[in-house]
Amino acid sequence: MNVETEKSARDLLAFYTEAGVDAPVQETPVDRFADDTPTQAAAPARSATARPAASPAPMPVAASSAPAAPEEAAMSARELARSANTLDELKELLRGFEGCALKQTATQLVFSDGAPGTRVMFVGEAPGRDEDIEGLPFVGRSGKLLDRMLAAIGLDRSGVYIANIIPWRPPGNRTPTPQESAICLPFIRRQIELVDPDIVVCLGGPSSQTLLGIKEGITKSRGRWYDYDTGKRQIRALPTFHPAFLLRSPLQKRLAWRDFLAIKKALDE
Ligand code: URA
């Protein structure tokens with residue numbers, strides 16, 4: 001590689017890093033510039049309305065490969081989630097669900113870790129890079145902190161169940177859009193119902209707002225108990241800071257510690 005090509009490659013990599021691209025999605029690179037197939041024909045249509053208006057006879061689109069319109073996707077998510085009778089069935093239904101575009105860029109589904117049948121369930125926002133690679137929630141830096149916080153109250157992953165609102169990594173770890181959260185919500189709600197814990201701990205603002213339907217930010221809502229209706233029964237839910245936030249703001253660990261003591265107390269009751 002000559003010096004100029006190498007510099008261009010480095011500049012491109014720097015640009016990717018700045019844009020949040022920090023992991024490959026395929027083993028081998030794809031030269032998009034070499035592909036002169038017309039994109040309209042190659043790309044799956046998003047919905048009937050996404051086809052070019054000039055097209056006289058739209059090609060039929062395989063239902064299984066076309067991402068649905070958001071309302072359709074949310075409706076299909078509700079129906080699918082309702083039809084799952086076990087966590088394994090739910091996982092398989094999610095694996096085949098095409099309604100959330102995040103699936104296209106993620107490496108794999110990140111469904112859960114820990115043990116179903118335990119009394120406390122933690123719900124985060126969405127997997128990050130490490131979770132996307134390993135296929136398990138909270139295995140990166142924030143997961144390590146979560147493990148230490150659990151240990152501080154005498155728990156480990158065999159004594160809790162862990163999942164996320166969104167089971168696919170958003171590209172560059174961006175915040176999931178409200179639409180993506182709304183589409184995935186029926187699945188996590190069903191997951192909670194099937195795990196049937198006594199307590200749900202929402203890690204961070206997005207998880208608390210999505211699951212509990214509250215407007216307050218996490219600074220206000222953390223440490224307060226909320227009622228959560230699983231569809232089967234009413235349980236208690238506690239918003240607390242996300243471990244990733246605690247890594248950036250270690251002084252707030254003091255408040256998170258209070259929340260974890262409250263979880264321990266509730267489990268001891
Ligand atoms: N952050 C989350 O919200 N979930 C994970 O699984 C990892 C990081």
Side-chain angles (χ1 to χ4, degrees), residues 20-23 25 87 90-91 94-95 97 100 102-103 105-116 118 120-151 155-185 187-192 195 197 199-212 214 217-219 221-222 228 237-250 252-253 255-256 259-260 263:
V21 179
D22 56 5
V25 292
L87 288 165
L90 187 68
K91 186 175 179 179
L94 253 176
R95 219 192 279 288
F97 181 62
C100 180
L102 293 175
K103 181 182 176 185
T105 47
T107 309
Q108 58 182 319
L109 176 76
V110 176
F111 186 69
S112 70
D113 197 13
T118 50
V120 57
M121 174 163 174
F122 289 80
V123 182
E125 182 180 340
R129 179 177 180 272
D130 298 308
E131 291 75 21
D132 182 60
I133 292 169
E134 285 203 32
L136 290 170
F138 284 101
V139 290
R141 278 186 71 222
S142 53
K144 301 279 177 287
L145 176 57
L146 178 62
D147 287 342
R148 290 200 294 279
M149 292 160 81
L150 290 174
L155 291 172
D156 61 21
R157 289 191 183 225
S158 66
V160 301
Y161 186 89
I162 307 175
N164 282 304
I165 300 280
I166 308 256
W168 294 284
R169 180 201 184 197
N173 295 351
R174 67 161 170 75
T175 303
T177 64
Q179 201 170 68
E180 287 158 353
S181 297
I183 288 171
C184 294
L185 183 60
F187 291 110
I188 182 67
R189 285 190 59 86
R190 184 70 177 148
Q191 200 169 353
I192 297 172
V195 172
I199 295 169
V200 168
V201 180
C202 303
L203 296 169
S207 165
S208 311
Q209 290 169 339
T210 308
L211 264 190
L212 307 177
I214 55 176
I218 191 66
T219 320
S221 63
R222 67 136 283 281
Y228 178 82
L238 186 73
T240 190
F241 289 131
H242 193 289
F245 168 76
L246 295 174
L247 288 171
R248 294 192 300 273
S249 315
Q252 305 300 330
K253 284 185 187 167
L255 294 174
D259 299 343
F260 271 64
I263 296 166

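All ligand and atom numbering here is 1-based and tracks the order in the structure. Just so you know, these numbers come straight off a predicted model, no measurement behind them. Residues take their numbers from the sequence shown, with the count starting at 1.
- Contact residues for ligand 1 (protein heavy atom closer than 4.0 angstrom to any ligand atom): Gly124, Glu125, Ala126, Pro127, Glu131, Pro137, Phe138, Ser142, Asn164, His242.
- Between Phe122 and Phe138, a ring centre-to-centre spacing not shorter than 6.0 Å is recorded.
- Among residue pairs with one or both ends in residues 171-183, those qualifying as salt bridge (charged side-chain N to carboxylate O under 4.0 Å, His left out) are Arg174-Glu180; sequence neighbours excluded.
- The list of ring pair (Phe, Tyr, Trp, His ring centres under 6.0 Å) pairs with a residue in residues 164-184, not counting sequence neighbours, is empty.
- Partners of Lys253 by salt bridge (charged side-chain N to carboxylate O under 4.0 Å, His left out), not counting sequence neighbours: none found.
- Between Gln191 and Ser112 the shortest heavy-atom distance is NE2-CB, 3.7 Å.
- Across Cys184 and Cys100, no two heavy atoms sit closer than the pair SG-SG, 4.0 Å.
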